[in-house]
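By convention here, the first residue in the shown sequence is residue 1.
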Amino acid sequence: MDDMSHEVMNQVPALSGHDVAADPALAAALAREGADWAEGELRQLGLLAGTARAQEWGRLANENEPVLRTHDRYGHRIDEVEFHPAWHELMTVAVENGLHAAPWGMARPGAHVARAAKFYVWSQVEAGHGCPISMTYAAVAALRHAPALAGEWEAALASRTYDPGLRPLADKRGVLAGMAMTEKQGGSDVRANATTAEPLGDGTYALNGHKWFNSAPMCDVFLVLAQAPGGLSCFLLPRVLPDGTRNAIRIMRLKDKLGNRSNASAEVEYDDAVAFLVGEEGRGVRTIIEMVNMTRLDCVIGSAAGMRAGLMQAVHHARHRTAFGRTLIDQPLMRNVLADLALESEAATVLMMRLAGATDRALTGQTQEGLFRRVALAAGKYWVCKRAAGHAAEALECLGGNGYVEESGMPRLFRESPLNGIWEGSGNVAALDLMRALTRDPEAAEAFFAEVELATDPRVSEAVSRVRKTLTHATEADARRLAEEMALVLQASLLIRFAPAAVADAFCASRLGGSGRAYGALGPGPDIDAILART
Ligand SMILES: Cc1cc2nc3c(=O)[nH]c(=O)nc-3n(C[C@H](O)[C@H](O)[C@H](O)COP(=O)(O)OP(=O)(O)OC[C@H]3O[C@@H](n4cnc5c(N)ncnc54)[C@H](O)[C@@H]3O)c2cc1C
């Protein structure tokens with residue numbers, strides 16, 4: 001006999017069994033940016049991402065957090081972090097699908113675009129495991145400053161086999177990379193790093209000191225900053241040395257974080273840990289910035305993915321839930337909110353795909369694309385990551401009280417949402433980086449404007465004039481306003497060129513010259529059916 005005193009009504013079915021890659025803005029951008037050959041793989045991944053099984057991995061990996069084991073039962077230090085099997089399932093899919101360093105081993109044009117699209121789709125299942133995946137992708141860019149080390153490690157970094165466990169490189173079928181810059185006394189200002197690197201005379205260095213944030217500490221190798229005799233330098237630090245002994249990296253504790261709970265973020269200490277120089281002594285920031293430039297792209301992709309995931313949950317809920325005699329999606333004010341969320345999401349998606357395309361082309365030597373990327377990535381990292389938290393809060397609210405409850409998955413999305421804004425250069429740092437690029441490299445600024453002005457539209461030219469005006473007298477205190485204006489005009493331009501007119505028109509009307517309001521305040525006239533058709 002049923003033990004319920006009532007029939008459950010008007011509750012929304014779970015959103016699963018769908019193709020997460022069925023995203024018109026993504027599909028169009030994939031082709032436009034030169035990776036239509038990846039459509040089939042993307043769709044396969046999208047279908048897997050939509051399964052209840054994959055969603056369950058995401059839940060389990062977050063509810064069963066990683067555990068630090070400093071010692072074995074006999075008292076030997078082991079410094080290992082134990083993950084739930086669901087984490088390993090997520091990692092396996094990510095590595096097998098080449099979301100990590102695989103594009104570096106592919107000569108195919110569009111390899112970085114395909115990877116970006118897949119990272120976007122798979123991040124919608126679970127964001128935490130994206131951290132080591134992203135760092136492994138990004139590490140190659142910096143590692144290539146040391147061709148011999150790159151030659152040793154790159155194939156294993158790009159391998160499509162997920163092979164966890166601490167063993168020497170020679171015994172591994174695939175490896176993962178992390179990054180350790182931030183120390184207690186400073187993260188943004190890495191020049192304050194106090195960890196020392198002493199040459200040992202055989203080409204290696206002994207590292208002594210600490211790192212305050214070292215995510216995914218079970219990675220096989222880390223790029224680390226430390227003070228060598230010639231100044232702040234970048235090092236490759238393996239967890240296990242070639243002779244099979246464990247390097248002297250002590251994991252002190254794991255952070256108790258707001259979100260990103262499936263992923264471990266450690267505090268570590270080095271006690272004569274053996275490391276290899278990457279690039280020249282004294283050029284550590286210049287070397288590791290190559291890695292940061294790649295992880296910043298992933299911050300934009302990850303935030304765009306979070307927005308799309310939140311939007312799809314919100315629209316799904318609104319399509320099934322009724323209130324006051326009508327489904328929510330038929331209520332004019334809810335339609336306004338959903339359409340506004342959809343605009344933000346699509347604008348983030350087109351921008352991240354354009355940045356991925358620029359990455360791909362810059363890596364094959366297209367200078368203009370590299371210049372454009374220099375400015376657009378800084379502005380995009382600032383703005384898209386900044387918009388993610390507000391977007392997640394609003395998407396959550398569309399589910400009403402259910403959205404505030406863990407089982408809906410929305411709290412996890414919400415807790416994750418500020419993170420991309422913090423790491424790899426917090427908001428102010430990203431905005432100041434944009435200012436630096438604009439002042440030091442006028443060609444990059446012009447490449448940015450040339451791209452934006454490909455949309456020959458008075459709304460764009462007016463916005464460009466405003467940006468140029470801001471630029472002439474901008475001080476550090478104006479950096480956020482400038483980054484916001486520049487990101488918005490680029491998003492508007494891309495939407496005018498590549499999205500349905502309904503999307504572009506509503507975006508321009510609400511965002512150009514009038515940003516910063518709550519969602520759901522679109523002015524009169526937007527074609528909401530056309531905008532929501534994109535979900
Ligand atoms: C979950 C998580 C995982 C992380 N994983 C790693 C990792 O694996 N490896 C790693 O190296 N780091 C990692 N970090 C650290 C992260 O990169 C830093 O926290 C970040 O760079 C900011 O540095 P900070 O915390 O020292 O803050 P601070 O540098 O002290 O900054 C504090 C605030 O001041 C602002 N600020 C700084 N300089 C200026 C300025 N000139 N003008 C105006 N405002 C300014 C910043 O924008 C920020 O809002 C992680 C962080 C988190 C939260």
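Between Glu406 and Arg415 there is a salt bridge, since at least one side-chain N of the basic residue sits less than 4.0 Å from a carboxylate O of the acidic one. A salt bridge links Arg354 to Glu369: one of the charged nitrogens lies within less than 4.0 Å of a carboxylate oxygen. Checked for salt-bridge contact, Arg144 and Glu154 meet the test: a charged N lies under 4.0 Å from a carboxylate O. Ion pairing of Lys386 with Glu484 is absent here, as no side-chain N (NZ or NE/NH1/NH2) approaches a carboxylate O to less than 4.0 Å. For Glu344 and Arg387, the salt-bridge test passes: some basic side-chain N is under 4.0 Å from an acidic carboxylate O. In this structure, Arg296 does not pair ionically with Glu424, as no charged nitrogen and carboxylate oxygen lie closer than 4.0 Å. With respect to Asp340 and Arg511, a salt bridge is recorded, a charged nitrogen being found less than 4.0 Å from a carboxylate O.
Taking both residues in full, the closest heavy atoms of Arg115 and His100 are given as NE-O, 3.8 Å, listed atom of the first, atom of the second, then distance. Contact record, Ala348 with Met307: CB-SD, 4.1 Å, taken as the closest heavy-atom pair.
The backbone N or O of Val300 lies less than 3.5 Å from no partner atom in the side chain of Ser303, so there is not a single donor-acceptor pair. Looking at Asp433, its side chain never comes within 3.5 Å of a backbone N or O of Ala378 through a donor-acceptor pair. Distance alone, capped at 3.5 Å, places no donor-acceptor pair between the Trp37 side chain and the Ala31 backbone. Side-chain N or O atoms of Ser461 include one that pairs as donor or acceptor with a backbone N or O of Asp457 at under 3.5 Å. Gln55 places a side-chain N or O within 3.5 Å of a backbone atom of Leu15 that can act as its donor or acceptor partner. In terms of modelled atom types and a separation under 3.5 Å, the side chain of Arg335 and the main chain of Ile329 share a donor-acceptor contact. The backbone N or O of Asn428 sits nowhere less than 3.5 Å from a side-chain atom of Ser426 that would complete a donor-acceptor pair. Checking side-chain atoms of His145 against main-chain N and O of Cys234 turns up no donor-acceptor pair under 3.5 Å.
Between atom CG of residue Asp189 and atom OG1 of residue Thr182 there is a gap of 11.0 Å, rounded to the nearest 0.5 Å. To the nearest 0.5 Å, the span separating CG on Leu176 from OG1 on Thr136 amounts to 4.0 Å. Here OG1 of Thr359 is found 11.5 Å from CE of Met352. Values are rounded to the nearest 0.5 Å. Within the model, atoms CG of Leu225 and CG of Leu232 stand 5.0 Å from one another, a figure rounded to the nearest 0.5 Å.
Side chains of Ser493 and Glu451: no donor on one and acceptor on the other come within 3.5 Å. Using modelled atom types, one finds a donor on one side chain and an acceptor on the other under 3.5 Å when comparing Asn402 with Gln11. No donor-acceptor contact under 3.5 angstrom links the side chains of Thr295 and Asp298, judged on distance only. With no hydrogens or angles considered, a side-chain donor-acceptor pair links Glu126 and His129 at under 3.5 Å.
A salt bridge (charged side-chain N to carboxylate O under 4.0 Å, His left out) check over residues 304-322, counting only residues at least two apart or in different chains, returns the pairs Asp23-Arg308.
Considering only residues two or more places apart in sequence or on other chains, Pro442 meets the side-chain contact (heavy atoms from CB on, under 4.5 Å) condition with none of them.
Using a 4.5 Å cut-off on side-chain heavy atoms (C-beta onward), Arg286 and Arg283 make contact.
Around the CD atom of Glu39, the shell of radius 6.0 Å holds no more than 12 heavy atoms that belong to other residues, nucleotides or ligands. By the 6.0 Å contact criterion, OH on Tyr519 is enclosed, its count of non-hydrogen atoms from other residues, nucleotides or ligands being greater than 12. Heavy atoms from other residues, nucleotides or ligands lying under 6.0 Å from CD of Gln366 number more than 12.
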Tell me which donor-acceptor pairs under 3.5 Å the side chains of residues 41-49 have, and how far apart each pair is, sequence neighbours excluded?
{"residue": "Glu41", "atom": "OE1", "partner": "Lys118", "partner atom": "NZ", "Å": "2.6"}
{"residue": "Arg43", "atom": "NH1", "partner": "Asp19", "partner atom": "OD2", "Å": "3.0"}

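Taking the six-membered ring where the residue is Trp, Tyr137 and His112 present tilted rings, their angle falling between 30° and 60°.
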